[in-house]
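The structure appears below as structure tokens.
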Amino acid sequence: MLAFVNVIVYLNHQKGLPRLPVPPLRETCERYLSCLEPIVTVDELKHTKQLMKEFLKEGGDGEKLQRSLERKACTTDNWVSWWDRRINYLDSRESLLIYNSGFVLPRMDFIDKQGQIRCAAKVIKAVLDFKTMIEDETLPVQYMRGEPLCMMQYFRALSSCRVPGRKTDSLVFHAKNSNGPRHITVAQNSQFFTVEVYHSDGTPITADQLCVQLQWICNSSLETNAEHVGILTTLRRDAWYKYYNKLVQDPSNKKSVSAIERSICVLCLDKAIPRTYEKYSGFEPLQVLHGGGSQWNSANRWFDKSLQFIVGEDGTCGFNMLHAIIDGTPCMALSDYITSSMKKPQMMESPVALLPMPQKLHFNITPDIKTAIEEAKQSIDKHAQDLDLRVLVFNHFGKKIPKAHQISPDAFIQMAIQLAYYRIHQQCCASYEAASMRLFKKGRLGVILSTSSASAAFVKSFDDPKKTKMTLVENTKRWVKRTQDRDRHFLALKVQAIENSIPMPDIYTDTSLDKAFNFLLSTSQVRAGPENVSYYKPTAIQKEID
């Protein structure tokens, strides 16, 4: 249960948060073997157990790497965060298109351009108010079961950007500068504009003033022959890195790209997507995730930005988040704040003051970049067609039923997912569940390897008439108990070997390691607020550490 407490200013409590402890080595290794048991052959498991025995022997590699990690844990706030973001996010060369996450806000009651502009202005006004709370350190601290959570992710949520690199990307946080950004980027009809959202005295502009600016942009972006530069951010990161460097060689292009990267956020004013479009049985989340393809709104984006707020002409409303910078639970707090702000009665605002005109960002497109844009269009359309999303609203019963049997509702759902997979494929697979680590300093997401010998016993016994209901309940409780360890510990030991130039232990070159982290099921959950805000995150494959 997440709750907000208004007593403590959100950064004051950071020093009191505990450092992430290093789990006991033997427990982590036993957990790893339990996860392997249902997904490898008997001979493979036997071989891995022999390698693990060697790894755990007294004075062996396991003890050496454990001591090295414990020393690092004593000198850093969080021994996971220093490598997790690079390995799991920035090193990946896959497109950001599908592996970002989207939040869909309640559908808005408008169907025209004026309604879209008014809604977009309210969204940005709420974002600016939220930004003020972050900067003034008045954002209420979040608590989970009475314990305060780390709030550092909020500090980098806005004015941030991911920049492509040859082998690994980098993150740039512009808000930490003394003269932080004072503008947002607006994408309309695949064109980009900057809008100053603060007066000279530092106060944010009003929603009415922003409406005037957005109306000017809509009137100035009617041409449809603009080059779709934004679609380049959907390319694989190695390809985008190559074209990014070519793009910014031109001074005008470099200035435009810099303006987008430095902006507080991106506001995407989308054109309406026909409801008859075949992939859009649940088209709002798909529009938020990828824009619908090259013929619709996928070029009306800059996916490298930490947050993109999307308002469609048909009432679709939501935002897209960059996982390398921020996770789901902080974004849920932001979405709840936006939704509640949108429902508040709007006060009469002062007459519109004289404001700087929005600035259109210009790009000079060379033949190489034009070719890259066409390549990106083909790639995005393939991605959009390949992503299948269905939304299930389960009304049969709620969390009280599993709780009555002393079972975690989350564990109940996890076992249901594994059971469904087993019934379809008649085998178990490696499965992943995200777990919040925000109880610790700089904590983000941990990994639960939720497939285990206990979960396999459950799904195999579920249809066995000899098993009683009580046996099934006990199996589920046993699964919950076995998934408490933090499984990134095992991979962090491998990182220690790499960093300290220690010969790689055989357990990390074992073929079973690939199977353990080849997640065919990837799951996460975020509690929605009372306004029925929905969160969508497609399945992602975790990459092995190289």
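What you see is a predicted model; the values in this text were computed from it and never measured. The first residue in the sequence is number 1, and the count goes up from there. Below, all heavy atoms of this structure are taken into account, side chains as well, without hydrogens, waters or symmetry copies.
At a threshold of 4.5 Å between non-hydrogen side-chain atoms, the residues Pro409 and Lys403 count as touching. The shortest distance between side-chain heavy atoms of His290 and His383 does not fall below 4.5 Å. You'll find the side chain of Arg438 stays beyond 4.5 Å of the side chain of Met144, heavy atoms only. Residues Val266 and Leu307 fail the side-chain proximity criterion, which asks for heavy atoms closer than 4.5 Å. Taking the side chain as every heavy atom from C-beta outward, Leu65 and Pro505 approach each other to under 4.5 Å. Looking only at side-chain heavy atoms (C-beta outward), Phe173 and Phe155 stay at 4.5 Å or farther from each other. A 4.5 Å side-chain heavy-atom check between Glu37 and Leu33 finds every atom pair outside the cut-off. The shortest side-chain heavy-atom distance between Thr316 and Val311 does not fall under the 4.5 Å cut-off.
Listed for the Thr234 side chain is a donor-acceptor partner under 3.5 Å among the backbone atoms of Ile231. Side-chain atoms of Ser379 never come within 3.5 Å of backbone atoms of Ala376 as a donor-acceptor pair (strictly under, hydrogens ignored). Side chain of Glu44 to main chain of Thr41: a donor-acceptor pair is present (N/O by atom type, distance under 3.5 Å, no hydrogens or angles). Proximity of a side-chain donor or acceptor of Ser298 to a complementary backbone N or O of Gly293 within less than 3.5 Å is detected. Side-chain N or O atoms of Trp79 include one that pairs as donor or acceptor with a backbone N or O of Leu20 at under 3.5 Å. A donor-acceptor contact shorter than 3.5 Å links the side chain of Asn78 to the backbone of Val80. Side-chain N or O atoms of Asp169 include none that pairs as donor or acceptor with a backbone N or O of Asp91 at under 3.5 Å. Using modelled atom types, one side-chain atom of Ser340 and one backbone atom of Tyr337 make a donor-acceptor pair closer than 3.5 Å.
Under a cut-off of 6.0 angstrom, the local environment of NZ in Lys441 is crowded, with over 12 non-hydrogen atoms contributed by other residues, nucleotides or ligands.
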Fill in: Verdict with reasoning, Met342 to Val123, per side chain to side chain contact (heavy atoms under 4.5 Å, CB included)
CA-CA 7 Å; Met342 300 279 284; Val123 168; 3.9 Å; yes
Worksheet item: Checking side chain to side chain contact (heavy atoms under 4.5 Å, CB included) for the pair Leu96/Leu322: CA distance, chi angles, key distance, verdict?
Response: CA-CA 8 Å; Leu96 298 183; Leu322 186 68; 3.8 Å; yes
Item to complete: Begin from the C-alpha positions of Asp510 and Lys515 and carry the test salt bridge (charged side-chain N to carboxylate O under 4.0 Å, His left out) through to its verdict.
Response: CA-CA 10 Å; Asp510 181 27; Lys515 294 186 177 182; over 6 Å; no
Item to complete: Begin with the C-alpha distance, continue with both residues' side-chain angles, and end with the deciding distance and a verdict on side chain to side chain contact (heavy atoms under 4.5 Å, CB included) for Asn320 and Ser101.
Response: CA-CA 6 Å; Asn320 186 288; Ser101 293; over 6 Å; no
Worksheet entry | side-chain hydrogen bond (donor to acceptor under 3.5 Å, both in side chains) evaluation trace for Gln142 with Tyr154 | CA-CA 11 Å; Gln142 280 182 296; Tyr154 290 103; 2.9 Å; yes
Discussion item. Under the criterion salt bridge (charged side-chain N to carboxylate O under 4.0 Å, His left out), I'd like the reasoning laid out for Arg26 against Glu30: C-alpha separation, chi angles, the key distance, then a yes or no.
Written reply: CA-CA 6 Å; Arg26 190 165 295 274; Glu30 288 175 355; 5.3 Å; no
Item to complete: Give the intermediate values and the outcome of side chain to side chain contact (heavy atoms under 4.5 Å, CB included) for residues Leu105 and Ile338.
Response: CA-CA 9 Å; Leu105 303 179; Ile338 293 172; 3.8 Å; yes
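Nearest approach of Pro21 to Phe440, heavy atoms of both residues: CD-CE2, 3.3 Å. Minimum heavy-atom separation, Val141 to Pro148: CG1-CB, 4.1 Å. Taking both residues in full, the closest heavy atoms of Lys305 and Ser160 are given as NZ-O, 3.2 Å, listed atom of the first, atom of the second, then distance. Of all heavy-atom pairs spanning Ile39 and Ala430, the tightest one is CG2-N, 3.8 Å. Closest non-hydrogen pair, Tyr421 versus Leu520, comes out as OH-CD1, 3.3 Å. Considering all non-hydrogen atoms of both residues, Gly59 and Glu63 come closest at N-OE1, 3.0 Å.
In this pair, Phe517 and Tyr32 present their aromatic rings parallel. The plane angle is below 30°, not in the 30 to 60° band. Using bins of under 30°, 30° to 60° and over 60° for the plane-to-plane angle, the ring pair Phe394/Phe397 lands in the perpendicular bin.
Of the N and O atoms on the side chains of Thr451 and Ser431, at least one donor lies less than 3.5 Å from an acceptor on the other residue. Counted by atom type alone, Ser68 and Gln496 present one or more donor-acceptor pairs between their side chains at under 3.5 Å. Gln66 and Glu70 form a side-chain donor-acceptor contact under 3.5 Å, judged by distance and modelled atom types alone. The closest side-chain donor-acceptor pair between Ser450 and Glu433, if any, does not fall under 3.5 angstrom.
The distance from atom CE of Met437 to atom CZ of Arg488, rounded to the nearest 0.5 Å, is 8.5 Å. Atom-to-atom distance recorded for Thr48:OG1 and Asp506:CG is 11.0 Å, nearest 0.5 angstrom. One finds the CD atom of Gln418 at 9.0 Å from the CZ atom of Phe458 (value rounded to the nearest 0.5 Å). Distance check: Asp410 CG to Ile413 CD1 gives 8.0 Å after rounding to the nearest 0.5 Å. For the atom pair CD1 (Ile326) and CE (Met152), the distance works out to 12.0 Å, reported to the nearest 0.5 Å. Annotation: the span from Glu375 atom CD to Ile380 atom CD1 amounts to 13.0 Å, rounded to 0.5 Å.
Electrostatic pairing of Glu94 and Arg237 does not count as a salt bridge here, judged by no charged N lying under 4.0 Å from a carboxylate O. Ion pairing between Asp270 and Arg301 holds under the 4.0 Å rule for side-chain N and carboxylate O. Under a 4.0 Å N-O distance rule, the pair Asp238/Arg93 does not qualify as a salt bridge. A salt bridge does not link Arg162 to Asp304: none of the charged nitrogens lies less than 4.0 Å from a carboxylate oxygen.
Taking the six-membered ring for Trp and the full ring otherwise, Phe103 and Phe309 have centroids separated by 6.0 Å or more.
Seen from the ring of Tyr241, Arg166 does not count as a face-on cation partner, given the 6.0 Å and 45° thresholds.
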